[in-house]
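Chain identifiers are assigned alphabetically (A, B, ...) following the order of the sequence lines, protein sequences preceding nucleic acid strands; residue numbering begins at 1 within each chain.
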Amino acid sequence: MSNALETAQLGRRYGRVWALQDCTLALPAGRIVALVGPNGAGKTTFLHLAVGLLRPTAGSVSVFGHSPQREPLTVLPRVGFVAQDHPLYKEFTVNDHLTLGRKLNRRWDEAYAVSRLNQFGIPLTRAAGKLSGGQQAQVALALGMAKRPELALLDEPLASLDPLARRDFLRALMDVAVADGLTVVLSSHLITDLERVCDYLVVLSHSRVALIGDIEEIVRTHKRLVGPRTDHTAVAAVHNVIEESHTARQTTLLVRVNGHIFDPAWEIADVTLEDIVLAYMGQARASVSEASGGGMGGPWRSPLDDEKHDEERDESEVTR
Amino acid sequence: MTWVTFRRFRFELVTLTVALAALAAWLIGTGLQHYAAFDVPYVGPISAAACARQIPQPQPNSECYNILTTYLNQFQGDGGNPLLSMLLSNTLHFLIALVPALVGAMLGGPLIARELERGTFRLVWAQGITRGRWLWGSVIAATLATIALVGAITLVVTWWSAPLDQIVGHFSGGFEMEGLVPLAYALFALALGIALGLIVRSSVPALFITLLGFFLVRSLITQLATQLYAYFMPPLTITYDSSIAVPPTGPQMRDWVTSSGFVDHFGDPVSQDLINGICGANDPTTAGNPTSACVHAHGWLYTVTWQPDSRFWAYQGIESAIYLALALAVLAVAIWWVRRRPV
């Protein structure tokens, strides 16, 4: 199966700080991808690079084989993008937004957008600023989906929604995704939000890819080992130890298993996806601290939070 | 993009249209009054309009000159319509001069700043058009709206002040409120607003900084105007013995006298104070009439420099070209400033 999105050594720097670095990955078409990482890990930067809002500092990104920067008119119609906080023109009515979409897109399925909005009981004549956060998110999603995209990029779509609105939003998204064979990338700082709907996972941490793959496979291949407090180099020689913790009497390891044989001294247990994600984020943090401890690149600077990225980006990306 | 831009600026466009329509209604109402007084023999045996059309232009103290003076006083002086006299005052002059700047700043300041401020550029840039089309579509729509609004009010102002211009001339009447220059001012304010909006990235401050910047530039250029015009089209000048008579080749009623004063044989200026001192401003027989035999005896000559009223359109063209060039330069700098940044 072909890939919806591919990146090669993709990087983006703001001033001297890398928001995303050495990111090489391929997202297969037709998957529902969770893009997870702590705030400031580079999720927004990644999505903005993918939709062409940002130009890469290093490497390349391609969407269905085309560069969003160089071939915007090929890429944009195939991508439905909903930015963080689902920006809308507050004084525009919902209908005005539909007119905007109709006027600015060659491929535009207005009937589809209207039916979606009706389904959620969103009044088309109301100003967007007077809708609830959940309704605004639905409007933004409807605008993105009315393009009938092949790839949907949704940046923190659930952040401002209450649990009920989250469920509705995800349900609506899944209906489209399943019906149209859409590839979806959803970002969040919590995997628990997305676990139910996603089948593919990308963990970003400290501007790098910490983990990527099919979720079922990730869960299947990660195990927690609990054993006596001993040297665990034998385990580490075969399996990848992601996280270790010790008490006075026992050692707990989270490992990615590379075989089937375990020392009977270890008790083997399944781990939740959330634990796996947290372990990878922790590992990335540890490795970053180590690298900076070596005195290679001066003191390690905390990645900018998403807000700050936005500001930087705005300044440099206003027009072209 | 045109529709989107007009929709984004619906509030500003409606507000400006209503305000300008009110101003236009007022101008039309008062204009009809003074047109009526202008076209019929109202303050004398001949109509002011007929006097204003006289060739050569009426000389001081002629009958027509007096009719015109009376007409002007009626609308400017204490005895006239108080609304109109206020209209002709500096306050209203300022208000009308403010219109182009306000229209340009209100549409230009937030044009891009508000998209950045509210994050809606992330919505609009993800639609199926290029960013270049977004930018130019917005700029062109704002330019069209500016031309329509300022053009309409300028037509009314030009019509309103036509009788006045036929008496005192276009330069003293409403040079900066009529013809092409208001459009050029407005387009410059628009470009300045777009550029400052990009830098300030916040629409309300952008609006006020634009107004401030616009008036700074305007006052600078107004200071230089006399020299600028003189550079492009040297003014006419005449030097004569003021004790004899004003030569008919001198400045006419409607011409714009840019400077006047006494000079000696060498052409060097002689101060009025000196003349008053020597020729006895305090002497009752010569008081108030320094252009007397005394002045003649000293050999002082009177010199006048002026721009003829007929050069009105040429100067409108020069002034407009200056502001349009500034507008294009500012717009180009804005685009360059954005592109120069590492992307």
Counting only N and O atoms by type, is there a donor-acceptor contact under 3.5 Å from the side chain of Gln136(A) to the main-chain atoms of Leu131(A)?
yes

With respect to chain A, which residue among Ile129(B), Val124(B), Thr120(B) yields the maximal number of heavy-atom pairs within a distance under 4.5 Å?
Thr120(B)

Closest heavy-atom pair, Ser203(B) versus Pro110(B), reported as atoms and distance to 0.1 Å, is CB-CB, 3.5 Å

Against the six-membered ring of Trp125(B), is Arg131(B) placed for a cation-pi contact (under 6.0 Å from the centre, within 45° of the normal)?
yes

Taking every non-hydrogen pair under 4.5 Å, which of Val82(A), Thr99(A), Val75(A) racks up the most with chain B?
Thr99(A)

Considering only heavy atoms and a distance below 4.5 Å, find which of Leu153(A), Leu104(A), Leu100(A) pairs most often with chain B.
Leu104(A)

Ion pair Glu117(B)/Lys90(A), N-O distance below 4.0 Å:
no

So for His97(A), is it side chain, backbone, both, or neither that comes closer than 4.5 Å to the heavy atoms of chain B?
side chain

